[in-house]
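Read the structure below first, then the notes.
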Amino acid sequence: MLQGLADELFTPQTGIKVRVNLLKDEKLLVMMNAAGIAPDVALGLQQQIPFDYAIRGGIYNLKQFPDFDEYYKQFSPGTWPAFYYNGGYYAVPETQEFRVMYYRKDILQKLDLKVPDTWDDLYKMLPVLQQNGMNFTPVNDHGIFLQMHGAEYYLQDGSKTGLTSEKSFNAFKQWTELQNKYAIDQQMDSFYQHFREGSYPLGIADLNTYLQLNVAAPELNGLWGVAPVPGERQDDGTVARWMGGNMYSSMIMKNAKHPKEGWEFLKWWTSAEVQERFGTDLETLNGVTFRWFTSNMDAFTQLPWKEDDLQAILEQWKWYREVPNVPGGSYLMEREMKNAWNRTVIDGMNYRTSLELSAKELDREIQRKLQEFKFIDGNGKMVRSLDLPIITKPWEGVEKYVKK
């Protein structure tokens, strides 16, 4: 489909010919790069891969292109920290997926409950649910709590984690209290099945669950809905719902023979017109389960969403924010946060002590990798800062799509 679109639209418009090849495994890109036969442009990469290439000088800094700053504005500001390194941006977003809250309308109505807007609202509902043999989904994403509390995973210079701040401790405590205080299950086999049978009438899951429920649970049509994830009410009355997600990205290889042409192709490929066309064709040919979660909001809103569901998704998208990458922290953070959770929830360790242990392990690895990549000298002194981007405001670009 991509080759056909390029031949039909891109080449006639630009005169640039495109040849699309499929790789069975994205790891083959490393070998191709080492052999000098890598493509000019790589598409469909998991979001952490561009950073791994960027710190090793393997891909283009897209800020080199004069129109990048204008291109940047098309996407959520919270998207870009995932592709940032040392003052540059090294990839563009293709697809963007995040979590929302699903709820059973029929069950909440029967129990005389309302959809929770904040976590405090949810805590008040939990005794009613549990007294009726029901519960809420386990929350495996620590980012939901750390980001909503305004905690930063790393110091802005990238030298250490920010996990020992009071905001981080409070967020981690709230995360682990779901099990330790509010009796939410530690594990879950299938949210879809629990939601379908009604044992979890409320829960947080990704957008793929939306497609699964539409296709595989026809008996629930009209009985469930989508809402933003519960948030934390701020002093000004707004409810902060900061959260990251999962993206697939595109990048230009450093040894590309045609980098300028590659940039023209990326701009074309991620444009609203092409993304809407690709997403529509994909779903028409293969069904709703192939819905394309494009990062381009102009295209996303043109796909066949139910209006109420789309508005809920847009509210959550407004608060999308990815965590910047730091050498050493990017691959170790998830493991250490799980270790900290296990020590507190399963072993009963004090939450501060547990998080401090993980922060210590992370800081040690970050220092080692920063020294390897020349951010720290042989004496352990910071010689240059990573200067990580910080996003503090929700994306105003969503507002034009929101129906008041």
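Starting from 1, each residue takes its place in the sequence as its number.
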With sequence neighbours left out, what residues match Tyr103 under ring-ring contact (aromatic ring centres under 6.0 Å, His included)? none
Could you tell me whether a side-chain N or O of Thr294 sits under 3.5 Å from a main-chain N or O of Phe300, the two making a donor and an acceptor? no
For Val288, is there any backbone N or O sitting under 3.5 Å from a side-chain donor or acceptor partner on Glu283? no
Is there side-chain contact between Leu370 and Leu386, with at least one heavy-atom pair below 4.5 Å? yes
To the nearest 0.5 Å, tell me how far Asn170 CG sits from Gln174 CD. 8.5 Å
Measure from the side-chain N and O atoms of Asn132 to the backbone N and O of Met134, and report whether any donor-acceptor pair falls under 3.5 Å. no
Find out whether Leu211 and Phe293 are in side-chain contact, i.e. whether some heavy atom of one side chain is under 4.5 Å from a heavy atom of the other. yes
Value rounded to 0.5 Å, distance of CG in Leu202 from CG in Leu113: 8.0 Å
Are more than 12 heavy atoms from other residues, nucleotides or ligands located less than 6.0 Å from atom CD of Gln186? yes
With side chain to side chain contact (heavy atoms under 4.5 Å, CB included) as the criterion, how do Val323 and Gln147 come out once you've worked through the C-alpha distance, each side chain's angles and the decisive distance to 0.1 Å? CA-CA 9 Å; Val323 177; Gln147 296 218 50; 3.8 Å; yes
Quick check on Lys306: does its NZ atom have over 12 non-hydrogen neighbours (other residues, nucleotides or ligands) under 6.0 Å away? yes
Can you sort out the partners of Glu356 under salt bridge (Lys or Arg N to Asp or Glu O under 4.0 Å), two or more places apart, ordered by chain and number? none
Under 3.5 Å, is there a donor on one side chain and an acceptor on the other for Ser159 and Asp157? yes
Using only atom types and a distance under 3.5 Å, with no angle test, would you say the side chain of Ser358 pairs donor to acceptor with the backbone of Glu336? yes
Can a donor-acceptor pair be found, under 3.5 Å and without considering hydrogens, that links the side chain of Gln212 to the backbone of Ala217? no
For Asn214 and Thr289, what are the C-alpha separation, side-chain angles and deciding distance, and is it a side chain to side chain contact (heavy atoms under 4.5 Å, CB included)? CA-CA 9 Å; Asn214 269 293; Thr289 53; over 6 Å; no
Could I get the full list of salt bridge (Lys or Arg N to Asp or Glu O under 4.0 Å) partners for Asp363, not counting sequence neighbours? none
Check whether any side-chain heavy atom of Lys318 sits under 4.5 Å from a side-chain heavy atom of Pro228, and report yes or no. no
So for atom CD, which belongs to Gln187, do other residues, nucleotides or ligands contribute more than 12 heavy atoms lying within a distance under 6.0 Å? no
Applied to residues 33-58, the side chain to side chain donor-acceptor pair (under 3.5 Å) test, sequence neighbours excluded, yields Glu26-Gln46, Gln46-Gln48, Gln47-Glu322
So, the side chain of Tyr210 versus the backbone of Leu213: is there a donor-acceptor pair under 3.5 Å, distance only? no
Considering only distance and modelled atom types, tabulate donor-acceptor pairs under 3.5 Å from the side chains of residues 263-272, sequence neighbours left out.
from   : atom 1 : to     : atom 2 : distance (Å)
Trp263 : NE1    : Asp67  : OD1    : 2.8
Glu264 : OE2    : Lys267 : NZ     : 3.0
Lys267 : NZ     : Asp67  : OD2    : 2.4
Trp269 : NE1    : Glu94  : OE1    : 3.0
Thr270 : OG1    : Tyr71  : OH     : 2.6
Thr270 : OG1    : Leu266 : O      : 2.7
Ser271 : OG     : Trp268 : O      : 2.7

Could you go through Glu152 and Lys167, starting from their C-alpha distance and side-chain angles, then the distance that decides it, and tell me whether this counts as salt bridge (charged side-chain N to carboxylate O under 4.0 Å, His left out)? CA-CA 8 Å; Glu152 296 294 342; Lys167 288 182 178 179; over 6 Å; no
Is a side-chain N or O of Tyr90 found less than 3.5 angstrom from the main chain of Gly58, in a donor-acceptor match? no
Does a donor on one side chain and an acceptor on the other come within less than 3.5 Å for Gln311 and Glu307? yes
Check whether Tyr60 forms a cation-pi arrangement with Lys254 (NZ or CZ under 6.0 Å from the six-membered ring centre, at most 45° off the ring normal). yes
Value for OG1 (Thr164) from CZ (Phe169), rounded to nearest 0.5 Å, stands at 5.5 Å
With a 6.0 Å cut-off (strictly less than), is the heavy-atom count around NZ of Lys105, excluding the residue itself, greater than 12? yes
Tell me, with the steps shown, if Asp117 and Arg233 meet salt bridge (charged side-chain N to carboxylate O under 4.0 Å, His left out). CA-CA 9 Å; Asp117 192 38; Arg233 194 169 298 281; 3.5 Å; yes
Strictly distance-based, threshold 3.5 Å: is any side-chain N or O of Arg99 a donor or acceptor partner for the main-chain N or O of Gln316? no
For the side chain of Ser354 and the backbone of Met349, is there at least one donor-acceptor N/O pair under 3.5 Å apart? no
Would you say Thr238 and Asp236 are linked by a side-chain donor-acceptor pair, where the criterion is simply a distance under 3.5 Å? yes
Taking atom types as modelled, find out whether Asp281 and Thr284 have a side-chain donor-acceptor pair closer than 3.5 angstrom. no
Contact check, side chains of Ile204 and Phe136, non-hydrogen atoms, under 4.5 Å: yes
Are Asp185 and Tyr200 side-chain neighbours, meaning at least one heavy-atom pair lies under 4.5 Å? yes
I want to know whether Tyr248 and Trp292 have ring centres closer than 6.0 Å. no
Is there side-chain contact between Leu314 and Met297, with at least one heavy-atom pair below 4.5 Å? yes
For Gln193, all residues meeting side chain to side chain contact (heavy atoms under 4.5 Å, CB included), sequence neighbours excluded: Ser190, Glu197
Hey, what do you get for OH (Tyr182) to OG1 (Thr176), rounding to the nearest 0.5 Å? 11.0 Å
Say you draw a straight line from CD of Glu361 to CD1 of Ile366; how long is it, rounded to the nearest 0.5 Å? 11.5 Å
Any donor-acceptor pair under 3.5 Å from Gln3 side chain to Val20 backbone: yes
Check: Phe51 ring centre within less than 6.0 Å of Tyr85 ring centre: yes
Mind checking whether Trp395 and Thr79 have side chains closer than 4.5 Å, heavy atoms only? no
Within the 4.5 Å heavy-atom criterion, are Pro39 and Met32 side-chain neighbours or not? yes
Set out, in order, the CA-CA distance, both residues' side-chain angles and the distance that settles side chain to side chain contact (heavy atoms under 4.5 Å, CB included) for Val18 and Leu2, then state yes or no. CA-CA 10 Å; Val18 176; Leu2 178 56; over 6 Å; no
Take the angle between the ring planes of Trp80 and Phe83 and call it parallel below 30°, perpendicular above 60°, tilted in between. perpendicular
Which heavy atom of Trp319 sits nearest a heavy atom of Pro394, and at what distance? CH2-CG, 3.9 Å
Parallel, tilted or perpendicular, judged at 30° and 60°: which one describes the rings of Trp175 and His142? perpendicular
Measure the spacing between CZ of Arg277 and OG1 of Thr280 and express it to the nearest 0.5 Å. 9.0 Å
